[in-house]
Amino acid sequence: MLPILFLLFLLISCTHASIPEICVANLKGPQTPAGYTCKDTTKVTVEDYVFAGLAKAGNTTNIIKAAVTPGFVGQFPGLNGLGLSLARLDLAHGGVIPFHTHPGASEVLIVLRGAITAGFVSSANTVYLKRLRKGDAMAFPQGLLHFQLNSGKSHAIAVVSFSSPDPGLQITDFALFANNLPSALIEEATFLDDAQVKKLKGVLGGTG
Ligand SMILES: *[C@@H]1O[C@H](CO)[C@@H](O)[C@H](O)[C@H]1NC(C)=O
């Protein structure tokens, strides 16, 4: 009789140990690969589920003439555990989001204004390239190198959506040239010449 009661108890506790549907990120707590712990539910408001950041143009006065305004879990705590997030892209005339990857998410981009040429490269080194116009959408598979550049005559705007609340962003040029890895090693590891490596380090803030 006792083992049966114990099994019954286990069954009931498992049924109740489901993931809570309301789990707004407690941004003061630790972040783990599984997300943040839940903020006290009595303190959760609709504002945790609303993000106003996409309405405002990002500052494109920079070397890439572009800006990414993230609506990731850090800015939009209601996304914790929901498996999605957003960002706004602003590309001034001549602007580019250089080759980059999101280690944690696939991406869908929707052009809201202007024309954007976007592409990604598969693991087999096949290039998938398209000039997108207002209203067009394009998907970028998780982890693959991709870029977006303004191929129109005016400011371009896009909204991107990710399959993770925290997709991550690694821009290849910054990873290679905005750190203190000795130039000689970078030259050996990339086949680029010394002048090019030093020039890019100078522009992007690397040393060594
Ligand atoms: C945009 O960024 C540039 C460079 O950092 C800065 O000088 C400028 O004041 C910024 N503009 C606005 C409107 O914040």
Side-chain angles (χ1 to χ4, degrees), residues 50-76 79 84-122 125-181 186 190 192 195-207:
V50 173
F51 179 65
L54 300 184
K56 195 164 169 273
N59 187 341
T60 58
T61 307
N62 54 48
I63 183 176
I64 60 174
K65 298 182 185 164
V68 179
T69 307
F72 300 167
V73 67
Q75 299 80 29
F76 194 174
L79 296 181
L84 51 90
S85 61
L86 292 167
R88 168 177 171 146
L89 305 186
D90 285 279
L91 294 143
H93 182 242
V96 60
I97 311 288
F99 265 115
H100 64 279
T101 65
H102 307 286
S106 294
E107 170 180 342
V108 171
L109 172 146
I110 303 163
V111 180
L112 300 186
R113 181 182 154 175
I116 291 176
T117 294
F120 68 86
V121 185
S122 74
N125 298 322
T126 304
V127 176
Y128 297 83
L129 181 70
K130 181 80 176 175
R131 186 167 190 263
L132 307 166
R133 291 185 180 80
K134 182 178 170 180
D136 289 340
M138 180 168 172
F140 305 88
Q142 180 166 351
L144 297 186
L145 274 171
H146 60 283
F147 67 89
Q148 290 102 11
L149 60 85
N150 186 342
S151 53
K153 291 188 173 65
S154 61
H155 192 104
I157 301 171
V159 163
V160 290
S161 171
F162 296 97
S163 61
S164 162
D166 191 26
L169 167 65
Q170 184 171 42
I171 299 176
T172 310
D173 273 324
F174 287 76
L176 289 172
F177 306 113
N179 60 37
N180 61 1
L181 193 61
I186 297 179
T190 60
L192 292 171
Q196 188 65 35
V197 169
K198 296 254 166 74
K199 181 186 147 198
L200 286 165
K201 281 196 168 204
V203 171
L204 298 173
T207 57

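- Checked by atom type and distance alone, the side chain of Asp90 never pairs as donor or acceptor with a backbone atom of Ala57 at under 3.5 Å.
- Between Gly152 and His93, the closest heavy-atom pair is O-CD2, 3.4 Å.
- The two residues Ser151 and Thr117 come nearest to each other via the heavy atoms OG-OG1, 2.8 Å.
- In summary, of the residues considered (Ile171, Asn150, Leu91), a side-chain contact (heavy atoms from CB on, under 4.5 Å) with Ile97 occurs for Leu91 alone.
- The side-chain heavy atoms of Phe147 and Leu129, taken from C-beta on, include a pair separated by under 4.5 Å.
- Side-chain contact between Phe76 and Ser85 is absent, with no heavy-atom pair separated by less than 4.5 Å.
- Taken to the nearest 0.5 Å, the OH atom of Tyr128 stands 10.0 Å off from the CE atom of Met138.
- Here the shortest heavy-atom pairing between Asp173 and Leu204 reads O-CD1, 3.6 Å.
- The CG atom of Asn59 sits 9.5 Å away from atom OG1 of Thr69, with the distance rounded to the nearest 0.5 Å.
- Put simply, CG on Leu192 and NZ on Lys199 are 11.0 Å apart, with the number rounded to the nearest 0.5 Å.
- To the nearest 0.5 Å, atoms CG (Leu144) and CZ (Phe99) are separated by 11.0 Å.
- For CZ of Arg133, the number of neighbouring non-hydrogen atoms (other residues, nucleotides, ligands) closer than 6.0 Å is 12 at most.
- Residues Leu200 and Leu176 form no side-chain contact, since every pair of their non-hydrogen atoms from C-beta on lies 4.5 Å or further apart.
- The side-chain contact (heavy atoms from CB on, under 4.5 Å) check on Asn179 picks up Leu181, Ile186, with sequence neighbours excluded.
- In this structure, the side chains of Phe140 and Gln148 come closer than 4.5 Å at one or more pairs of heavy atoms.
- Using modelled atom types, no side-chain atom of Lys65 and backbone atom of Thr60 make a donor-acceptor pair closer than 3.5 Å.
- Residues Phe51 and Pro70 share a closest heavy-atom pair of CZ-O, 3.3 Å.
- His100 has its ring centre less than 6.0 Å from the ring centre of His146.
- A donor-acceptor distance shorter than 3.5 angstrom exists from the side chain of Arg113 to the backbone of His155, with no hydrogens or angles considered.
- Phe72 is not listed as a side-chain neighbour of Leu79, based on a closest heavy-atom distance of 4.5 Å or more.
- Taking every heavy atom of both residues into account, Leu54 and Ala87 meet most closely at CD2-C, 3.8 Å.
- A donor-acceptor pair is defined here as one N or O able to donate and one able to accept, closer than 3.5 Å; such a pair exists between the side chain of Ser106 and the backbone of Gln142.
- Leu169 places a side-chain heavy atom less than 4.5 Å from the side chain of His102.
- When each of Ile157, Ile116, Leu109 is paired with Leu89, the side-chain contact (heavy atoms from CB on, under 4.5 Å) condition holds for Leu109 and for no other.
- Across all their heavy atoms, Pro167 and Ser164 have their closest contact at CD-O, 3.6 Å.
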